[in-house]
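What follows is a short report on a single structure.
Positions are given from 1, in the same order as the sequence printed here.
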Amino acid sequence: MSRFARTHRVLFFEEPIESDQPFPWLEVSEEEDGVTVLVPRLPAHCTGEAVEQAQRTLLDEYLEGVPKESLVVWYYTPMSLSFADHLTPRLTVYDCMDELSAFEGAPPELLERERRLMQKADVIFTGGVSLFEAKRTLHNNVHPFPSSVDIDHFAKARDPLPEPEDQASIPYPRLGFYGVIDERLDLELLAEMARQRPDWHFVLVGPIVKIDPASLPQRSNIHYLGGKAYDELPDYLAGWDVALMPFALNESTRFISPTKTPEYLAGGRPVVSTPVTDVVRTYGHTDLVRIAATPAEFIAAIEAAFDDLQDRERVLSSADQILKDMSWDITWKLMEEQMKCAQ
């Protein structure tokens, strides 16, 4: 969004948050990167269709001063059609970041709304190649854009950083993961690795979503540190030896292209991942992203990564080589070209 804001006025309409006020209102904040964030604040008694109508009204009121001929509507989820499908922009973009219908608890109407959105969209971007392959027959203007990375931000982790208070007392070696902790993680894999290697410490940074916290494996060498801000992630990454992506292989991970892969590499950390399709096809040939399916394979891959770290300069050089063509600046430039062609 910050790249968009260099040449466009960007309004980011967030999901609603409950308010103690008796009427709906719009919280507006101007971010330092030029993005204007709009957050609908709705009273607790506002439910069902009233939520959609309130969002539509708040959006319309804010857009009163925006010329329709300059409006571009960019959807991250088809569910936004409930309050934005009446808009008549000069361009409609659907940025399909994941197969949301495969997630646990997905709204039943999501697939129908996605069908409608794909009819409205002038151009569709997908968050990875697997997702592109799934969507390309459904629209005549679909383009894959796998995850890019803010290299400067995560490269901070290559140098010693102040240790976060909740991580400082965790012994080494540390194997780390950050991201949402939900049905996409292979918790049995995590538990078995922790059982077999009690001398290793597994650090999980991220909110627990849609699963019972009591169902998470509990051992003295597994540490759940909760959700952290984006700006804090390099501080945690700097304290890990190896970064992990222990994703389960199920419907919710079938099309994912994890952003954290290049972020871990930018931070100078070797990575071990389960065989997620887009990870294998993008990074499986490299010597810094090892693919493992079982606890035994994961443990062996982590031990090999420990060996890699004996030559830190080679690790950093290999990471830089992998990331040399990855940046949000390049991604935005290519996206903008497709948007111009679609108008």
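Considering every non-hydrogen atom in both Ser148 and Ser327, the closest pair reads OG-O, 3.4 Å. The two residues Gln218 and Pro213 come nearest to each other via the heavy atoms NE2-O, 3.9 Å. Looking at every heavy atom in both residues, Leu131 comes nearest to Cys96 through CD2-O, 3.1 Å. When all heavy atoms of Phe247 and Phe177 are compared, the pair lying nearest together is CZ-CE1, 4.2 Å. Of all non-hydrogen atoms in Arg269 and Gly239, the two that sit nearest each other are NH2-N, 4.3 Å. The heavy-atom pair separating Pro234 from Ala157 by the smallest distance is O-CB, 3.6 Å.
The shortest distance between side-chain heavy atoms of Ile302 and Met193 falls below 4.5 Å. Here the side chains of Thr282 and Thr261 are not in contact, with every heavy-atom distance at 4.5 Å or above. Between Pro262 and Phe154, every side-chain heavy-atom pair lies at or beyond the 4.5 Å cut-off. You'll find the side chain of Thr274 reaches within 4.5 Å of the side chain of Phe298, heavy atoms only. Ser317 places none of its side-chain heavy atoms less than 4.5 Å from the side chain of Asp320. Between Leu204 and Ile181 the shortest side-chain heavy-atom distance falls below 4.5 Å. In this structure the side chain of Leu323 reaches within 4.5 angstrom of the side chain of Ile151, judged on heavy atoms. Counting heavy atoms from C-beta outward, Val203 and Leu225 have side chains that approach closer than 4.5 Å.
In this structure, Phe13 has its ring center no closer than 6.0 Å to that of Tyr62.
For the residue pair Thr57 and Gln53, a side-chain donor N or O sits within less than 3.5 Å of a side-chain acceptor on the partner.
Under the 3.5 Å distance criterion, the side-chain polar atoms of Asn250 are matched with a main-chain donor or acceptor of Thr253. Of the possible polar contacts, none joining the Thr77 side chain to the Ser80 backbone as a donor-acceptor pair under 3.5 Å is found. The main-chain N or O of Thr92 is found under 3.5 Å from a side-chain atom of Asp122 such that the two form a donor-acceptor pair. In this structure a side-chain-to-backbone donor-acceptor pair under 3.5 Å is missing from Asp33 to Ala5. Side-chain atoms of Ser147 come within 3.5 Å of backbone atoms of Ser257 as a donor-acceptor pair (strictly under, hydrogens ignored).
Between Lys135 and Glu114 a salt bridge is recorded (basic side-chain N to carboxylate O distance below 4.0 Å). Salt bridge present: Glu163 and Arg174 bring a charged side-chain N and a carboxylate O closer than 4.0 Å. By the 4.0 Å N-to-carboxylate-O rule, Asp85 lies too far from Lys120 to be salt-bridged with it. At a threshold of 4.0 Å, the pair Glu69-Arg90 does not count as salt-bridged, since none of the basic side-chain nitrogens sits closer than that to a carboxylate oxygen. At a threshold of 4.0 Å, the pair Lys333-Glu336 does not count as salt-bridged, since none of the basic side-chain nitrogens sits closer than that to a carboxylate oxygen.
Cluster partners of Met335, using a side-chain heavy-atom cutoff of under 4.5 Å among ILVMFWY residues and allowing indirect links, are Met1, Phe4, Val10, Phe12, Ile17, Val35, Val37, Val39, Val72, Trp74, Tyr76, Leu91, Val93, Met97, Val123, Phe125, Phe145, Ile330, Trp332, Leu334, Met339. Hydrophobic side-chain contacts under 4.5 Å tie Val180 into a cluster, directly or through other members, with Val209.
Atom CD of Glu49 has 12 or fewer heavy atoms from other residues, nucleotides or ligands within 6.0 Å. Within a 6.0 Å radius of CZ in Arg254, other residues, nucleotides and ligands contribute 12 heavy atoms or fewer. A 6.0 Å sphere centred on CD of Gln119 holds more than 12 heavy atoms belonging to other residues, nucleotides or ligands. Counting heavy atoms of neighbouring residues, nucleotides and ligands inside a 6.0 Å radius, atom CD of Gln343 exceeds 12 of them.
For the ring pair (Phe, Tyr, Trp, His ring centres under 6.0 Å) test, no residue two or more places apart in sequence or in another chain qualifies with Tyr236. The salt bridge (charged side-chain N to carboxylate O under 4.0 Å, His left out) search around Arg6 returns Asp329, not counting sequence neighbours.
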For this session: Apply side-chain contact (heavy atoms from CB on, under 4.5 Å) to Leu265 and Val289, showing your working.
Result: CA-CA 9 Å; Leu265 293 175; Val289 181; 4.1 Å; yes

For this session: List the steps, then state whether side-chain contact (heavy atoms from CB on, under 4.5 Å) holds for Phe202 with Tyr224.
Result: CA-CA 9 Å; Phe202 297 83; Tyr224 302 99; over 6 Å; no

Problem set entry | Glu112/Arg115 under salt bridge (charged side-chain N to carboxylate O under 4.0 Å, His left out): CA gap, chis, key distance, verdict | CA-CA 5 Å; Glu112 170 57 23; Arg115 184 190 64 78; 2.5 Å; yes

For this session: Give the intermediate values and the outcome of salt bridge (charged side-chain N to carboxylate O under 4.0 Å, His left out) for residues Arg113 and Glu52.
Result: CA-CA 14 Å; Arg113 291 194 185 176; Glu52 297 176 351; 3.5 Å; yes

Problem set entry | Evaluation steps, salt bridge (charged side-chain N to carboxylate O under 4.0 Å, His left out), between Arg195 and Glu192 | CA-CA 5 Å; Arg195 185 191 71 80; Glu192 183 58 20; 2.6 Å; yes

For this session: Dump the intermediate steps for side-chain contact (heavy atoms from CB on, under 4.5 Å) on Arg41 and Gln21, then the final yes or no.
Result: CA-CA 8 Å; Arg41 303 298 301 271; Gln21 297 295 316; over 6 Å; no

For this session: Start with the C-alpha gap between His153 and Tyr230, add the side-chain angles, then the distance that decides, and say whether ring pair (Phe, Tyr, Trp, His ring centres under 6.0 Å) holds.
Result: CA-CA 10 Å; His153 179 65; Tyr230 178 79; 4.4 Å; yes

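To the nearest 0.5 Å, the span separating CZ on Arg184 from CD on Glu251 amounts to 14.0 Å. With rounding to the nearest 0.5 angstrom, the CG atom of Asp199 is 7.5 Å from the NE2 atom of His201. Distance check: Cys46 SG to Glu18 CD gives 10.0 Å after rounding to the nearest 0.5 Å.
In summary, of the residues considered (Leu58, Leu38, Leu87), a side-chain contact (heavy atoms from CB on, under 4.5 Å) with Leu63 occurs for Leu87 alone. Screening Glu30, Arg9, Glu31 for a side-chain hydrogen bond (donor to acceptor under 3.5 Å, both in side chains) with Thr36, the sole residue that qualifies is Glu30.
Transitive grouping of hydrophobic side chains (ILVMFWY, heavy atoms separated by less than 4.5 Å) brings Val280 and Val271 into a common cluster. In the hydrophobic clustering of ILVMFWY residues, with side-chain heavy atoms under 4.5 Å counting as a link, Tyr283 and Phe255 come out apart.
Here salt bridge (charged side-chain N to carboxylate O under 4.0 Å, His left out) pairs that include residues 279-290, with residues two or more places apart or in two chains, are Glu133-Arg281, Asp278-Arg281, Asp287-Arg314, Arg290-Asp308. Sequence neighbours left out, the pairs with a member in residues 219-238 that pass salt bridge (charged side-chain N to carboxylate O under 4.0 Å, His left out) are Asp166-Lys228.
Relative orientation of the Trp200 and Phe306 rings is perpendicular, given thresholds of 30° and 60° on the angle between their planes.
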